[in-house]
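Data first, discussion second: the structure below is written as structure tokens.
Every number for a ligand or one of its atoms is a count from 1 in the order of the listing.
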Amino acid sequence: MEQSRFVSTDKLLVAGPCSAESLEQVLLTAKSLDCYSDMFFRAGLWKPRTMPSAFEGVGSKGLMWLREVKHRYGLKVCTEVASPNHVEQCLDAEMDALWIGARTTTNPFSVQDIADALSGVDIPVFVKNPLNPDVKLWIGAVERLYRSGCRNICAVHRGFSLADNGIYRNSPLWQVAIEFRRLMPQTKLICDPSHIAGRSELVFDISQTAMNLCFDGLMIEVHSDPGQAKTDARQQLSPLQLHELLSRLQLPLSDESQSAGELELLRGKIDQTDSEIVNLLAQRMEIVRQLSEVKHRNNMSVLQIDRWKDILQSRMQQADKLHLNSDFVKDIFEQIHRESVALQDKIAKSN
Ligand code: PEP
Ligand code: MN
């Protein structure tokens with residue numbers, strides 16, 4: 001098996017089953033991962049499920065199984081905590097790290113309870129993003145842990161639950177993770193492609209995007225026999241699939257020194273183009289201001305729906321001709337129109 005460059009870098013790897021199901025399943029999976037000596041072995045014990053009739057995890061007895069993984073294979077072990085009671089049991093059972101699930105991050109009361117239970121204990125904590133794409137809520141959870149004295153915190157991007165997630169189980173909305181990175185540059189950020197994907201076939205592609213965006217590592221669900229998994233069967237990889245994925249991953253460098261001259265030239269052109277875009281936007285708003293006066297003099301409404309339909313259609317057609325993604329151009333014009341309507345509404349009220 002080709003050894004992956006991933007393991008020889010400082011990228012973090014967290015891998016293991018969605019849920020611990022039996023001692024045998026946990027040990028079998030861990031055995032096939034013990035070549036990744038620096039990784040964290042994950043397995044959920046208390047599973048947050050939508051329906052109460054679903055498998056809710058094996059609970060506390062699985063802590064002993066994770067300890068066995070730690071002692072037998074020398075892997076660091078971690079599980080999900082959702083309450084101070086879980087934290088206390090995990091600390092007693094010598095877990096090496098904990099993670100806070102997406103549903104828990106969504107609730108600041110729960111996060112605060114967990115942060116209080118961790119006060120003075122410097123164990124690594126992984127913090128999944130909240131279910132909704134609210135970067136502040138995610139940052140707030142991380143801040144609560146920092147304030148409790150946790151120093152080793154790693155955020156986990158696992159996608160967001162929207163009305164329409166397209167081909168994904170959870171929409172990646174990479175821009176939210178990028179915004180997290182911009183606002184919290186000192187906090188490690190890894191990606192959980194399994195919960196974004198919902199299907200094992202998509203896990204590689206999402207992992208590669210995460211590497212292209214300089215994420216610090218991956219949390220991937222791996223099961224000794226994915227087809228038989230009691231939770232998230234569709235998205236879990238077999239150990240062999242994980243080995244293949246890691247060996248195929250390209251790891252681009254974040255170092256710019258190699259191509260500094262070329263980059264500088266192109267970035268100069270981008271800066272110039274962006275400056276023209278901003279100038280054009282200012283010009284357009286000035287025209288909207290004049291238009292607004294004309295509409296007011298003629299007692300016309302701010303919104304003329306047919307005109308708006310024409311604008312959108314023609315801009316999207318133009319985008320198509322220029323081989324631009326027409327949905328991208330549609331989004332931009334929706335923003336421009338929103339700003340234009342807001343300005344006209346304000347002028348109409350002040351007249
Ligand atoms: C999990 O990691 O098994 C899990 C439940 O994840 P999330 O909180 O991201 O849904
Ligand atoms: Mn899962």
More than 12 heavy atoms of other residues, nucleotides or ligands under 6.0 Å from CD of Glu88: is that the case? no
State whether Asp10 and Lys188 are salt-bridged, where the test is any N-O pair (Lys NZ or Arg NE/NH1/NH2 against Asp/Glu carboxylate O) under 4.0 Å. no
Identify the closest protein heavy atom to atom 8 (O) of ligand 1: which residue and atom is it, and at what distance? Ala102 N, 2.8 Å
Considering only heavy atoms, which of Arg158, Arg42, Glu221, Arg49 lies nearest to atom 2 (O) of ligand 1? Arg42
From Ser194, Pro172, Pro193, residue fulfilling side chain to side chain contact (heavy atoms under 4.5 Å, CB included) relative to Ile206: Pro193
Return yes when Gly44 approaches ligand 1 closer than 4.0 angstrom through a heavy atom, no otherwise. no
Are Ile332 and Val288 co-members of a hydrophobic cluster defined by side-chain heavy atoms under 4.5 Å apart? no
Give the residue and atom name of whichever protein heavy atom lies nearest to atom 4 (C) of ligand 1, and the separation in Å to one decimal. His195 NE2, 3.5 Å
Rounded to the nearest 0.5 angstrom, the CG-OG1 distance for Asn132 and Thr106 is 5.5 Å
Can you tell me if CZ on Arg147 sees more than 12 non-hydrogen neighbours from other groups inside 6.0 Å? no
Ligand 1-proximal atoms of Lys47, by part, heavy-atom distance under 4.0 Å: side chain
For Ile270, does the CD1 atom sit with more than 12 other heavy atoms under 6.0 Å from it, leaving out its own atoms? no
Could you tell me the residue and atom name of the protein heavy atom closest to atom 6 (O) of ligand 1, and the distance to it rounded to 0.1 Å? Lys128 NZ, 2.9 Å
Per-atom contacts of ligand 1 with Cys18, taking only distances under 4.0 Å to non-hydrogen atoms: 3 (O)
Three-point angle Glu221:OE2, the Mn ion (ligand 2), Asp232:OD2, rounded to the nearest 10°: 130°
For Gly101, the atoms of ligand 1 under 4.0 Å from one of its heavy atoms are 8 (O)
